[in-house]
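Shown next, in structure tokens, is the structure this report addresses.
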Amino acid sequence: MNVQAAGQNHFIMSNQEEEKDFIREIIAEDLASGKHETTITRFPPEPNGYLHIGHAKAICLSFGIAQENAASGARCHLRFDDTNPAKEDVEYVERIKEDVRWLGFDWGDHLFFASDYFDYFYDCAVHLIKEGLAYVDLQTVEEVRENRGNVKVTGTNSPHRDSSVDDNLALFEQMKSGELGEGKAILRAKIDMTSSNMNMRDPVIYRVMHETHHNTGDAWKIYPMYDFAHPLEDAKECITHSLCTLEFEEHRPFYDWAVANCPTASTPRQIEFSRLNLNYTVMSKRKVLELVNDKVVSGWDDPRLLTISGLRRRGYTAESIRHFCHRVGITKFKGITDMSVLENEVRQHLNKVAERRMAVMNPLKVTLTNWEQGRVEIMEANNNPEDKQAGTRQIALGKQVYVERDDFMEDPPKKFFRLGIGRSVRLRGGYIITCNEVVKDADGNVTELLCEYIPDTVGQNAPEGIKCKAAIHWVSVEHGLDAEVRVYDRLFSDENPDGFEGGFRACLNEDSLTLQSAKVEPSLGEVEPGYRCQFERLGYYCTDIKDHVKGEKLVFNRTVGLRDSWKK
RNA sequence: AGGUCUAUAGUGUAACGGUUAGCACUGCUGAUUUUGAUUCAGUAAGUGAGGGUUCAAAUCCUUCUAGACCUACCA
């Protein structure tokens, strides 16, 4: 664990560059011009699902900016935007906090809930009514929709638009008390029904909802809409820069309207950036929830998903996710990032910090014919050949070992460097062996290899006349442990390259998850959950955080495969 | 189609009117290698299209094209 931590620091330190995206430039200017003394950002998730890699981008941005400007007292608030009790749940609150923390960010004392501001929102609504800037609309849902018009048809005014302040106040009170039921009335801002921006056609700011809220219980029968609540939340918390994704661009005029027309403590500025798009995957909460509910996946933290908890369970490091977010950058351009960029980041990080371990997924028994019966020799192997600090470990070698079935070919092509009849190969960290004979069963399947080890080849080059171009992984039959390995397909199908729309459910069925038993070296018997190592030639594996030991077997998830150019 | 926004190698980005358009990943070639990994070296590939302003345009103007988002009593 300590080794990993040290490596992680190195990884992060060596990759800090001073590139500024357009948002950081705006902030730097505001600081330089004295418009703001410091910068206060916020990350405002709705507790209606787990965080995913897309949220990580927003988290790295808002919390990252706060960290970078810490000298001036900058901070980033974690605020739960819980204004719709119908969709939200406390479970999500805890999971979100856990994920933000795991990603390496800290909100300090600045944890907030939009629901704690319900009184404030209400006061603002009353203020608007008194100013003649809001009115209670008694039209039906259909009428409201009809009268809003559409992109081509301009909206028409509600018959209730010019009700008196006193009437509006009284009606709003009836909404609040529950006298006016759900769907019977809404409070709307009075702006402009002819605006080309649909969000300015007298947007709804309060609706009646007789739902129990996870925080305020049954205290309220009316709840503010996001468009109304969000600017007020930001203003109340004195957020200077409110960073959100591009789809809120057209909401900004109303955001500014609300701040300008309500009694606010500050004037926050909303700035939009492009959300993360990854190809071959599905991130939307709606779809993931569907997969969870239908038990297509084991939960929000299923390692096949791109949720933060799924990635964590799969073995991704927080560092690699942060680095990935830094690499895709912050722009207004809606590009699609290739999944391989993400995978490349973990691979790069894990290569530095993960210890090397040997495992055999598809075992083929090898008997060393010239090895004395009962003899056991301890091999000393590097934990990480590139990092001497990682130390060494001891591995017992006996008369019989398992090797990967793929490492033997009866009729090998020219470029195959591993075992074949008459060929030599090194047992990694140990002796060079030569294959003399193949044992087959009645059906002609290879069941065992009879090999000869060549003495004095541990740590030595191959003797004259012996060609040895590869070192393969092996596990002693006598000493090896049984483990279970889960190989998850990357979350995509090549047949649905455009984001899974129709096919993602199918891709997530059993084909995307292969359970395999494996033989692993004895040193893996003592590792902690979350331990990551490289199974030579197979990729990087992580002990499953949930199912570290399942029955008698260790459980590993594959984090990411090795690059394997020779297979192409 | 109404609005808002975007357009730089395959991908993600930098260049803020001024050298030869920079970087990273990917690709390809080669070297090292007790992991066909890693590492290292080399190499290929770009300003969506047309017009204009200017001594000078990726950058400013204009037309076109392509894409994204918006049209919820969700956030």
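All of these numbers come straight from a predicted model, not from anything done at the bench. Naming: A, B, ... by sequence-line order, numbering from 1 per chain. Computed from heavy atoms alone, side chains included, the values below leave out hydrogens, waters and symmetry copies.
- A donor and an acceptor atom, one from each side chain of A:E536 and A:Q534, are nowhere located under 3.5 Å apart.
- Nearest-nucleotide assignment on RNA chain B puts the 5′-proximal partner with A:K332, out of A:R418 and A:K332.
- Distance check on atom P: B:U35 versus B:U43 gives 28 Å, rounded to whole Å.
- The partner of B:G2 is B:C70, judged by Watson-Crick or G-U wobble contacts that both fall below 3.5 Å.
- Within a 6.0 Å radius of CG in A:N293, more than 12 heavy atoms belonging to other residues, nucleotides or ligands are found.
- In this structure, the CD atom of A:Q348 is 13 Å from the C1' atom of B:U26, given to the nearest Å.
- A:R347 contributes a side-chain N or O that, together with a main-chain N or O of A:G561, makes up a donor-acceptor pair within less than 3.5 Å.
- Note on A:T331: only backbone sugar-phosphate atoms sit closer than 4.0 angstrom, heavy atoms only; bases stay farther off.
- Put simply, CG on A:D338 is 15 Å from C1' on B:A9, counting in whole angstrom units.
- One atom, CG of A:N344, and another, C1' of B:U38, lie 12 Å apart when rounded to the nearest Å.
- Residue-environment remark: CZ (A:R207) exceeds the threshold of 12 foreign heavy atoms within 6.0 Å.
- A:F416 comes within 4.0 angstrom of a base, heavy atoms only.
- Atom P of nucleotide B:U33 and atom CZ of A:R428 are separated by 14 Å, given to the nearest angstrom.
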*Summarise how protein sits on nucleotides 69-75 of chain B as a single string, 5' to 3': B when a protein heavy atom is under 4.0 Å from the base, S for sugar-phosphate-only contact, - for no contact.*
BBBSBBB

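- Across B:C16 and B:C60, the matching C1' atoms stand 12 Å from one another, rounded to whole Å.
- Atom OH of A:Y223 and atom OH of A:Y122 lie 14.5 Å apart (nearest 0.5 Å).
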_Please determine whether salt bridge (Lys or Arg N to Asp or Glu O under 4.0 Å) holds for the pair A:R42 and A:E237, giving the CA-CA distance in whole Å, both sets of side-chain angles, and the decisive distance to 0.1 Å._
CA-CA 9 Å; A:R42 105 267 94 114; A:E237 292 175 17; over 6 Å; no

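- Across the P atoms, B:G27 and B:A21 are found 26 Å apart, a figure rounded to whole Å.
- The gap from the C1' atom of B:G48 to that of B:A7 amounts to 7 Å, rounded to the nearest Å.
- Residue A:E143 qualifies as enclosed at atom CD: its count of foreign heavy atoms under 6.0 Å is above 12.
- Distance CE (A:M361) to P (B:U35): 21 Å, rounded to an integer number of Å.
- Rounding to whole angstrom units, CG of residue A:L562 and P of B:U38 are separated by 7 Å.
- Annotation: B:G12 and B:C69 have their P atoms spaced 16 Å apart (nearest Å).
- Using a 4.0 Å heavy-atom distance criterion, A:T245 is classed as making no nucleic acid contact.
- Remark: the separation of the C1' atoms in B:C61 and B:G2 is 24 Å, to the nearest Å.
- Contacts of A:I472 with the nucleic acid, taken as non-hydrogen atoms under 4.0 Å apart, are absent.
- Here B:A7 sits opposite B:U65 as a Watson-Crick or G-U wobble pair (both hydrogen-bonding atom distances under 3.5 Å).
- Using Watson-Crick or G-U wobble geometry with both donor-acceptor distances under 3.5 Å, B:A45 finds no partner in any strand shown.
- One C1' atom belongs to B:G30, the other to B:C23, and the distance between them is 23 Å to the nearest Å.
- The residue A:K285 sits apart from the nucleic acid: no heavy atom pair falls under 4.0 Å.
- Remark: A:R201 engages no residue in a salt bridge (Lys or Arg N to Asp or Glu O under 4.0 Å) (not counting sequence neighbours).
- When each of B:U38, B:A7, B:U26 is scored by its nearest atom to the side-chain atoms of A:F333, the top-ranked nucleotide is B:A7.
- For A:S196, no side-chain nitrogen or oxygen approaches OP1 or OP2 of B:G2 to under 4.0 Å.
- To the nearest angstrom, P of B:A37 lies 12 Å from CG of A:N351.
- A distance-only check finds a donor-acceptor pair linking the side chain of A:R356 to the backbone of A:A354 [under 3.5 Å].
- Among the heavy atoms of the strands lying under 4.0 Å from A:V458 is at least one base atom, whether or not backbone atoms are also near.
- The 5' end of RNA chain B is approached more closely, in terms of each residue's nearest nucleotide, by A:I336 than by the other of A:I336 and A:P385.
- Under the Watson-Crick or G-U wobble criterion, with both distances below 3.5 Å, B:G30 is paired with B:C40.
- For B:U38, the OP1/OP2 oxygens have a side-chain nitrogen or oxygen of A:R563 closer than 4.0 Å.
- Straight-line distance from the NZ atom of A:K20 to the C1' atom of B:A15: 16 Å, rounded to whole Å.
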*asked:* Applying ring-ring contact (aromatic ring centres under 6.0 Å, His included) to A:F121 and A:Y206, what does each step give before you reach the verdict?
replied: CA-CA 9 Å; A:F121 301 145; A:Y206 257 102; 7.6 Å; no

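- Across all strands shown, B:C23 is found opposite B:G12 as a Watson-Crick or G-U wobble partner, with both distances under 3.5 Å.
- You'll find a donor-acceptor pair under 3.5 Å spanning the side chain of A:E25 and the base of B:C16, going by distance alone.
- Across all strands shown, B:U35 remains unpaired; no Watson-Crick or G-U wobble contact has both distances below 3.5 Å.
- Comparing B:A49 with B:A31, their C1' atoms sit 44 Å apart, to the nearest whole Å.
- Residue A:R327 places its side chain closer to B:A24 than to any other of B:A24, B:G2, B:A37.
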